Number of protein chains: 2
Amino acid sequence: MAILSEKVLRRLTFYYYILVDWAAQDQTYISSPMLAEMLGVDDSQVRKDLKLLNNNGKNKVGYEVQELKASIEKTLGLKRPKAAFIIGAGNLGAALAKYDNFAHYGLKITALFDNSMAKIKRQINGHQVYHTAQLMTWAHKHPAEIAILTVPASAAQAAADLAIAAGAQYLWNFAPAVIKVPHGIKVWYENIMGDFLSFTAQMPS
Amino acid sequence: MAILSEKVLRRLTFYYYILVDWAAQDQTYISSPMLAEMLGVDDSQVRKDLKLLNNNGKNKVGYEVQELKASIEKTLGLKRPKAAFIIGAGNLGAALAKYDNFAHYGLKITALFDNSMAKIKRQINGHQVYHTAQLMTWAHKHPAEIAILTVPASAAQAAADLAIAAGAQYLWNFAPAVIKVPHGIKVWYENIMGDFLSFTAQMPS
DNA sequence: TAGATTGTTAATCGATTAACAATC
DNA sequence: TAGATTGTTAATCGATTAACAATC
């Protein structure tokens, strides 16, 4: 299968949300114009996207809901287990550690790390919080390919460097900061504050 | 000023993060090749973006850091106060209510609302949690243009309908669900789970 | 001055939309 | 059958990159 663009992947997740809903309501088929209307995109776009996953629709009725759902699950790797540690045990880090839904999507949180002595030794939703100085040793015993960075902007680069040294190859960065990483390391900017700003920038002043 | 595309706005937030950092280090100028390198985009892209804000660079030295920072702050409306209520006082809602940084970006949380009796009457970071049945009355006295939806997917549509009835025109939706809204209402999908899925879909299986 | 940088136009690239024959 | 829908190609649209004269 060809590599899917970020745009396509993002739409796939929206199709998926809708399919989960339709499956729960025992709907058998869904058509491209229906999906298109719900997402606000063109229906030919939907058909193209689904064709990329080698799904075939039926004329007059559309696509089989269960089949399509399974196909997106496979493409997005929902069944593939992935381990991650969290650096930054503040509010956001804790919220993510409490978010049990991650497990449904294949993500397993191994532990949290923080610089603050006040936070270590606590447990959050069954996950232990350790001092960052222990991360290298921990990651050696519990390898994780993903690091979740929920630190302040000023600590983001140091956290990224540490995560990479500990073997993480995918950084999910929630800090409002641009970080520099070696070639081959992937960074996803979960730019919540930035998203908010671009959202509100649409408002009339 | 022309309406800025979502792509441009997103880049502006990244420039902003860098400028905050450079300003803190008392740097006077920054050039487009420097910004481009940090963001991984073309330098002509940077110059185009900055030109959209009517910023003028100086040959040989680049752009004035403080001036550019102020200009982006103005464009993104960081100084314009905006009120929001949160529907869903679970972990994510609580994390957002605790995130004091919002205030720096002009967002004021007025209150939280939840369906669960167990959660109401609590305070989170000084913000009161009320029952959703009280939202209409509350919003009448404390109008807010933004509603932050941090409910489970199954409750997303109902929360959206309620928020709109209460006068919100901008919905910041953290629930993994596609919602239907009347024309004129803006929705921003903060698709954390979806972002994670598109991120990990890049991984080799 | 020489050389780095801006501002801007033209070229390229990729994503979205339109259109329509084929299908059941 | 008639009509809704798929699958796919062509056309359009928008965003990114390349190129370079002008500048200080």
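Proteins come first, then strands; the chains are lettered A, B, ... in the order of their sequence lines, and each starts at number 1. Just so it is clear, the model here is predicted, and its values are computed rather than measured.
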Whole angstrom is fine here: how far is it from CG in A:Leu9 over to P in C:dA15? 11 Å

Determine whether B:Tyr189 and B:Phe174 satisfy the following criterion, ring-ring contact (aromatic ring centres under 6.0 Å, His included), listing intermediate values before the conclusion. CA-CA 6 Å; B:Tyr189 286 94; B:Phe174 285 77; over 10 Å; no

Whole angstrom is fine here: how far is it from CG in B:Leu52 over to P in D:dT16? 11 Å

Please determine whether a side-chain nitrogen or oxygen atom of B:Asn56 lies at a distance below 4.0 Å from atom OP1 or OP2 of C:dT6. no

Touch check for A:Lys60, heavy atoms < 4.0 angstrom, all strands: base, sugar-phosphate only, or nothing? base

Flag the pair B:Ile72 / B:Tyr15 as yes when at least one side-chain heavy-atom distance between them is below 4.5 Å, and no otherwise. yes

Base, sugar-phosphate or nothing for A:Lys51? Non-hydrogen atoms, less than 4.0 Å. sugar-phosphate

About how many Å separate CG of B:Leu39 and CG of B:Asp49, when rounded to the nearest 0.5 Å? 9.0 Å

What's the CD-P distance between B:Glu64 and C:dT6, to the nearest Å? 14 Å

Quick check: B:Tyr130 with B:Trp138 (ring centres under 6.0 Å apart)? yes

Roughly how far, to the nearest 0.5 Å, is CG of B:Leu4 from CZ of B:Arg11? 10.5 Å

Please give, in whole Å, the distance from C:dT17 P to A:Asp43 CG? 10 Å

How does DNA chain D look in dot-bracket form if you count Watson-Crick and G-U pairs under 3.5 Å, write [ ] for pairs that cross, and put | where a base pairs with another strand? ..||||||||||||||||||||||

Nearest 0.5 Å please: distance from the CD1 atom of A:Ile30 over to the CE atom of A:Met38. 4.0 Å

Give me the residues of residues 20-38 of chain A where at least one heavy atom lies under 4.0 Å from an atom of DNA chain D, by number, or none. A:Ser31, A:Ser32, A:Pro33

From the options D:dT6, D:dA15, C:dT16, select the nucleotide whose nearest atom is closest to the side chain of B:Ser5. D:dA15

A:Glu6 CD to C:dA15 P, straight-line distance once rounded to whole Å: 10 Å

Distance check needed: D:dC13 C1' versus A:Lys7 NZ, whole Å only. 12 Å

Can you tell which of D:dT17, C:dT17, C:dT6 lies closest to the side chain of A:Asp42? C:dT17

Can you figure out which of C:dT5, D:dG7, D:dA10 approaches the side chain of B:Asn59 most closely? C:dT5

A:Gln45 side chain, from C-beta outward: closest of C:dT6, C:dT8, C:dT17: C:dT17

Where does the angle between the aromatic ring planes of A:Trp172 and B:Phe199 fall among parallel (under 30°), tilted (30 to 60°) and perpendicular (over 60°)? tilted

Among the candidates C:dG7, C:dA4, D:dT8, find the nucleotide nearest to the side-chain atoms of B:Arg47. C:dG7

In whole angstroms, how far is the P atom of D:dT16 from the CG atom of B:Leu4? 13 Å

If you take atom types as modelled and just measure distance, does the side chain of B:Lys48 reach the base of C:dT6 with a donor-acceptor pair under 3.5 Å? no

Expressed in angstrom and rounded to an integer, what is the separation of A:Leu50 atom CG from C:dT16 atom C1'? 15 Å

Ring-ring centroid check B:Phe102 B:Tyr99, cutoff 6.0 Å: yes

Return whichever of A:Val61 or A:Ser44 has its heavy-atom-nearest nucleotide of DNA chain D closer to the 5' end. A:Val61

Atom NZ of B:Lys186 with >12 non-hydrogen neighbours under 6.0 angstrom: no

OP1, OP2 of D:dA15 versus side-chain N and O of B:Arg11: anything below 4.0 Å? no

Do you know the tightest heavy-atom contact between A:Ser198 and B:Leu9? CB-CB, 3.4 Å

